[in-house]
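So the structure is just underneath, and the comments pick up after that.
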Amino acid sequence: MFRNKTVLVTGSTSGIGRAIAEGFAVQNANVILNGIESIEEVNTILDEMSRKTSGEVVYECVNMASPDAVELMMKQSIERFGSVDILINNACVQHVSPVESFPVEKWDLILSLGLSSAFHTIRHALPSMRQKGWGRIINIASAHGLVASAQKAAYVAAKHGVVGLTKVVALETATENITCNAICPGWVLTPLVQKQIEAKAEKMGVSLSQAQHDLLQEKQPSMNFVKPEDLAAFTLFLSGDAASQITGSAMTMDGGWVSQ
Ligand code: NAD
């Protein structure tokens with residue numbers, strides 16, 4: 001279905017991004033992986049993914065918090081493949097701290113990575129999408145793009161921001177066969193969340209499984225984690241023709257989190 005399409009997934013060496021990239025590889029797209037790990041560290045992922053696709057799989061070791069590095073990656077990718085047809089803005093990190101003691105460098109990093117990097121990839125990708133008369137932009141936001149939690153000032157601000165950016169881009173591209181949507185997952189058991197479970201277990205003096213149970217109980221009524229491969233399937237759907245009239249939406253996959 002995505003043969004001859006090129007997809008860039010930022011932050012795709014792990015977790016949700018990796019599952020999304022794999023989903024597109026299986027559909028024979030050209031896949032541009034991104035992360036901050038060295039090429040040696042991602043060789044196995046590259047090999048595995050290359051075996052699944054008739055398209056090309058390449059890795060861009062680029063810090064998405066650097067606008068100059070993002071610009072270079074976008075220019076080189078468009079030169080190499082002719083366009084980035086499907087852009088998945090996924091890279092982000094988390095930091096948990098009360099607002100008055102929130103480290104300024106963590107605020108800057110999370111805003112750069114979770115919000116500004118999407119602005120930069122989108123502004124560089126749009127001209128080639130417009131030239132082709134087709135494009136899909138999917139921003140991996142979060143339930144925290146719609147509601148807040150204490151101690152996550154930067155993350156909640158970045159994710160609310162990316163939902164706003166999604167709506168503006170959708171309006172500006174509405175007549176051009178380009179869609180822009182945000183997906184708002186609840187808890188997904190990836191390294192990003194595993195770190196929070198470990199911190200919770202240590203702080204509360206409970207086992208990891210108890211901390212995991214408590215984390216779900218606090219926010220996610222289904223008491224189940226969202227699976228990365230289900231988010232990949234959602235992303236593939238939004239990238240297909242059946243989703244051509246879905247644009248500007250912020251859609252949840254959160255086990256009921258934001259219904260409360
Ligand atoms: P993860 O920690 O498993 O993966 C993060 C990826 O981002 C990795 O590939 C890493 O290399 C990359 N990355 C980190 N810093 C980077 C940088 N400076 N430049 C480029 N890449 C960088 O995380 P995940 O849980 O898969 O999260 C992916 C996205 O989903 C994030 O935007 C996150 O906010 C969002 N999300 C996650 C959850 C969850 O419960 N895990 C819930 C809602 C939203």
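For ligands, and for the atoms within them, numbers begin at 1 and follow the listed sequence.
Nearest to atom 37 (C) of ligand 1 by heavy atom, out of Leu33, Val93, Ile16, is Ile16. Comparing Ala19, Ser14, Pro228, Ala65 by heavy-atom distance to atom 3 (O) of ligand 1, the nearest is Ser14. Nearest-heavy-atom check against atom 5 (C) of ligand 1 across Ala158, Gly15, Gly17, Cys92 picks out Cys92. Taking all heavy atoms of Val62, Asn90, Asn63 into account, the minimum distance to atom 29 (C) of ligand 1 is reached by Asn90.
Every heavy atom of Thr10 sits 4.0 Å or more from the atoms of ligand 1. Ligand 1 lies within reach of Tyr155, whose nearest heavy atom is under 4.0 Å from it. The shortest separation from a heavy atom of His144 to ligand 1 is not under 4.0 Å, leaving the residue out of contact. At least one heavy atom of Gly186 sits under 4.0 Å from some atom of ligand 1. Assignment of Ala143 to the shell around ligand 1 is not supported, since no heavy atom sits closer than 4.0 Å.
At a threshold of 4.0 Å, the pair Lys200-Glu218 counts as salt-bridged, since one of the basic side-chain nitrogens sits closer than that to a carboxylate oxygen.
Separation of the His95 and Tyr155 ring centroids does not fall under the 6.0 Å cut-off.
Under 4.0 angstrom from ligand 1, the non-hydrogen atoms of Thr190 all belong to its side chain. Only the side chain of Glu37 comes within 4.0 Å of ligand 1, counting heavy atoms alone; its backbone N, CA, C and O stay farther away.
Heavy atoms from other residues, nucleotides or ligands lying under 6.0 Å from NZ of Lys106 number 12 at most.
The shortest N/O to N/O separation between Ala91 and ligand 1 does not fall below 3.5 Å. Considering backbone and side-chain N/O of Val188, one or more are found under 3.5 Å from N/O of ligand 1.
Residue Val193 has at least one heavy-atom neighbour below 4.0 Å for each of these atoms of ligand 1: 39 (C), 40 (O), 41 (N).
A heavy-atom distance below 4.5 Å is found between the side chains of Asn89 and Ile122.
Relative orientation of the Trp187 and Trp257 rings is tilted, given thresholds of 30° and 60° on the angle between their planes.
Looking at Asn28, its side chain never comes within 3.5 Å of a backbone N or O of Gly55 through a donor-acceptor pair.
Side-chain contact check for Glu41 and Ser38: at least one donor-acceptor pair (N or O, by modelled atom type) lies under 3.5 Å. Between the side chains of Gln27 and Lys52, no donor-acceptor pair of N or O atoms lies under 3.5 Å.
In terms of protein heavy-atom proximity, atom 6 (C) of ligand 1 is closest to Gly11 O, 3.5 Å.
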